[in-house]
Amino acid sequence: MATEYTKAAAEAAEEVVVVAEKELPPPQPEAEEASAVGKEAEGGEKLQVTEKDEKSIISQSVSFKEETNVVGKLPDSQKKALDELKQLLREALEKREFSAPPPPTPEEEKKKEEVKEEKPTEAVVVAEEPPPPPPPPPSVAEAEVVVVVEEVVEKVEAAVIVDDDGAKTVEAIKETIVEVSAAVVKTGEVAAPPPPPALEPEQKAEPEGATPLEPEKVSLWGVTLLGDDGEKSDVVLLKFLRARDFKPKEALAMIKSTVWWRKEFGVEAGLMQEDLGTAMARLEELVYVHGTGRDGHPVCYNLYGELGRRKEVHEIAFADEEKRKGFLKWRVQFMERAIERHLDFRPNGVCSFVQVNDMKNSPGLLKREVWAATNKAVQLLQDNYPEFVAKQVFINTPWWYLFFSKAISPFLTQRSKSKFVFATPSKTSEALFKYIAPEQVPVQYGGLSRSGEQKFTAADTVTEVTIKAATNHTVEFPLSGSYEVAWEVRVVGWEVSYGVEFVPESESSYAVIVSKTKAMSNASDNDPIVSDSFKAKESGKVVITIDNHSSKKKILLYRSKTKPVH
């Protein structure tokens, strides 16, 4: 079982933007707070999640640097692999090998053999009869006839053609045998076998001087492989090479499989234009692209637990087989549209996503029908969308998933591990801010990004400050003359005191209390973001004071803008 989990995690990290991970651990009782200690594993072993564990898990891939798509910057071994793949691809296009489905993989062949072995042999009941008398020994002439007939049968079978339906023309064999044997018996001489039947028109060899067929043209995600835009083609080919550890033949096999799957699934034939209904569109509340990461990657959020927990979602996407097929169509359609809107496949451009996987309430995903559909979706994505994920960030991760990640870590390659980040609920915001700027992070995950009309947008950068335990911090907005200043402030988790005053520059003026000092709780009915403004009639500064009385460090986020008052 552990081996299966390890393989699944490695494949998910290296290849696919997924709705859910390839494999989940077996069902576990729902955990309480992620920082809880003393959880008992099977066999009575104590499992503890310490702050040190959380820090190491969150920071395990800080040094990750995305691999370049600029061919000139690749190591020589990778350049060589790319050149070899391009040559193999060119030959395959000339032979029009993409027109037929790819040959079955060794795993598929093995499954077929297993099915054949499992089929029970039919019992044949034969009525008991007395054994016939033994035949008299053949004479010399008859023996010669038998030998000649066997030789003729061999020669005729070698010349037998195959009909359109694949069946051998057994009748022709039988007639030839009868004719030859009769001639031998009558004359005592061996008759020459009849000439083999003529080939059908479609089986005739191609006449000399015929015009060869044009090489195929194959496109993936709007990029023609080996087409005019060679740079984009190289970027796509590098995705398949990286997914197959820079083994050109295996990468070509994966490309063929992807091209055939897209034809079979109807991706190119009209899936993008297909209306899957308004009900299915509601799934975009749970799987959506929002903002960009610090390196410019679009960020895709997947709410794992909500897929299995919400009753209305279950009715829309998982209630029966037909709806599960609709869910797969929707997920592929969503992926294709996200690629079309957000990725450009330029060597120095945006070619992959940051994936944020919300594990809150994830035990709900273990419903059989939800598991079957999401598992199939993950399989499709990892098999046919290689290297579309730059970073996999798992947030609100339950305690048992943290231990699962630590257990499989020794079995993963360094390259795979560099893409994984796991964070408990108390560390979710901190983990996200490492890869996504706070102004791009949705408000429900600790950031300042909200829908609707707001004073501030994602273009207004946020300052992030860590306030140590049992200390206070002040933020100052200086004003020169009559100005209005507006600000937004958020302390992740709050549980601090907050107060604002205006301190004039002139000693003869009095300070103005803008907001009385008050304790800010993290209650769900409170707006997590404080938005306010102040109009100054003279020069001075607005001072915001945050007093952290708690024993834990806090993350302070703020931004401001000023404008003159006329």
Side-chain angles (χ1 to χ4, degrees), residues 12 15-20 66 69 98 216-240 242-243 254-278 280-293 295-303 317 325-357 377-392 436 440 442 451 458:
E15 300 179 6
V16 53
V17 176
V18 299
V19 179
E66 191 174 7
N69 285 313
F98 289 87
E216 288 180 291
K217 289 186 177 180
V218 174
S219 297
L220 289 173
W221 309 295
V223 178
T224 301
L225 303 185
L226 302 184
D228 295 335
D229 196 337
E231 287 189 339
K232 285 188 175 183
S233 176
D234 288 346
V235 170
V236 173
L237 296 183
L238 282 170
K239 287 182 176 292
F240 286 93
R242 288 186 173 118
M254 188 179 187
I255 294 172
K256 288 181 178 179
S257 179
T258 296
V259 170
W260 182 253
W261 169 79
R262 292 173 73 84
K263 291 178 182 177
E264 190 177 43
F265 201 80
V267 177
E268 313 290 357
L271 178 62
M272 296 302 292
Q273 292 74 38
E274 187 174 348
D275 184 1
L276 300 177
T278 55
M280 195 65 72
R282 291 182 59 190
L283 292 174
E284 294 194 20
E285 298 174 10
L286 308 180
V287 182
Y288 56 89
V289 176
H290 181 91
T292 57
D295 293 329
H297 298 288
V299 183
C300 182
Y301 292 83
N302 298 283
L303 279 63
K325 288 180 180 178
F327 169 75
L328 288 178
K329 277 189 171 184
W330 172 83
R331 190 60 184 89
V332 172
Q333 188 185 75
F334 175 87
M335 183 67 176
E336 288 289 322
R337 287 176 176 172
I339 291 172
E340 183 179 354
R341 293 169 184 169
H342 301 287
L343 306 186
D344 59 17
F345 296 103
R346 293 288 179 188
N348 288 312
V350 180
C351 305
S352 55
F353 298 88
V354 168
Q355 183 100 333
V356 176
N357 307 299
V378 168
Q379 189 68 52
L380 287 179
L381 294 176
Q382 73 178 22
D383 288 346
N384 300 288
Y385 297 88
E387 293 297 310
F388 276 84
V389 177
K391 181 69 65 178
Q392 287 272 17
I436 311 167
Q440 299 280 353
S451 59

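Residue numbers start at 1 and run along the sequence shown.
A heavy-atom distance below 4.5 Å is found between the side chains of F334 and V289. Counting only heavy atoms from C-beta outward, the side chains of D383 and T258 never approach each other to under 4.5 Å. No side-chain heavy atom of Y301 sits under 4.5 Å from any side-chain heavy atom of L286. W261 has its side chain within reach of L380: a pair of non-hydrogen atoms, C-beta onward, lies under 4.5 Å apart. Side-chain atoms of P386 and M254, non-hydrogen and from C-beta on, do get closer than 4.5 Å to each other. Using a 4.5 Å heavy-atom cutoff, the side chains of R331 and V287 are in contact.
The two residues V299 and G293 make their nearest non-hydrogen contact at CG2-N, 3.6 Å. E387 and A243 get closest at one heavy-atom pair: CG-N, 4.1 Å.
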| task | For L343 and F353, run side-chain contact (heavy atoms from CB on, under 4.5 Å): C-alpha distance rounded to whole Å, both residues' side-chain angles, the deciding distance at 0.1 Å, then the answer. | result | CA-CA 9 Å; L343 306 186; F353 298 88; 3.6 Å; yes
| said: If you apply the rule side-chain contact (heavy atoms from CB on, under 4.5 Å), what do you find for Q333 with L276, and how did you get there? | reply: CA-CA 10 Å; Q333 188 185 75; L276 300 177; 3.7 Å; yes
| field | F327 vs V332, side-chain contact (heavy atoms from CB on, under 4.5 Å): CA-CA, chis, key distance, verdict | value | CA-CA 9 Å; F327 169 75; V332 172; over 6 Å; no
| task | Go through the steps for W330 and M335 under the test side-chain contact (heavy atoms from CB on, under 4.5 Å), then give the verdict. | result | CA-CA 9 Å; W330 172 83; M335 183 67 176; over 6 Å; no
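Taking CG of L225 as the start and CD1 of I255 as the end, the distance is 6.0 Å to the nearest 0.5 Å. Rounding to the nearest 0.5 Å gives a distance of 4.5 Å between CG of N302 and CD of Q355. A distance of 11.5 Å separates CD1 of I436 from NZ of K391, quoted to the nearest 0.5 Å. In this structure, the separation between CD on Q379 and CG on N384 is 9.0 Å, given to the nearest 0.5 Å. Note: C351 SG to H342 NE2 = 14.5 Å, rounded to the nearest 0.5 Å. From T292, atom OG1 reaches atom NE2 of H297 across 10.0 Å, with rounding to the nearest 0.5 Å.
Not a single donor-acceptor pair under 3.5 Å links the side chain of S352 to the backbone N or O of F388. The main-chain N or O of M272 is found under 3.5 Å from a side-chain atom of R337 such that the two form a donor-acceptor pair. K232 places no side-chain N or O within donor-acceptor distance of the main-chain N or O of F345, the cut-off being under 3.5 Å. Within the 3.5 Å criterion, the main-chain N or O of V235 finds no donor-acceptor partner in the side chain of N69.
Look at E268 and R262 and you find a salt bridge, because one of the NZ, NE, NH1 or NH2 atoms lies within 4.0 Å of a carboxylate O, short of that distance. A salt bridge links D229 with R346: at least one charged nitrogen is closer than 4.0 Å to a carboxylate oxygen.
The 12-atom threshold is not exceeded at NZ of K217, counting heavy atoms of other residues, nucleotides or ligands nearer than 6.0 Å. Other residues, nucleotides and ligands contribute only 12 or fewer heavy atoms inside 6.0 Å of the CD atom of E231.
The aromatic rings of W221 and F240 sit parallel, their planes meeting at an angle under 30°, below the 60° perpendicular limit.
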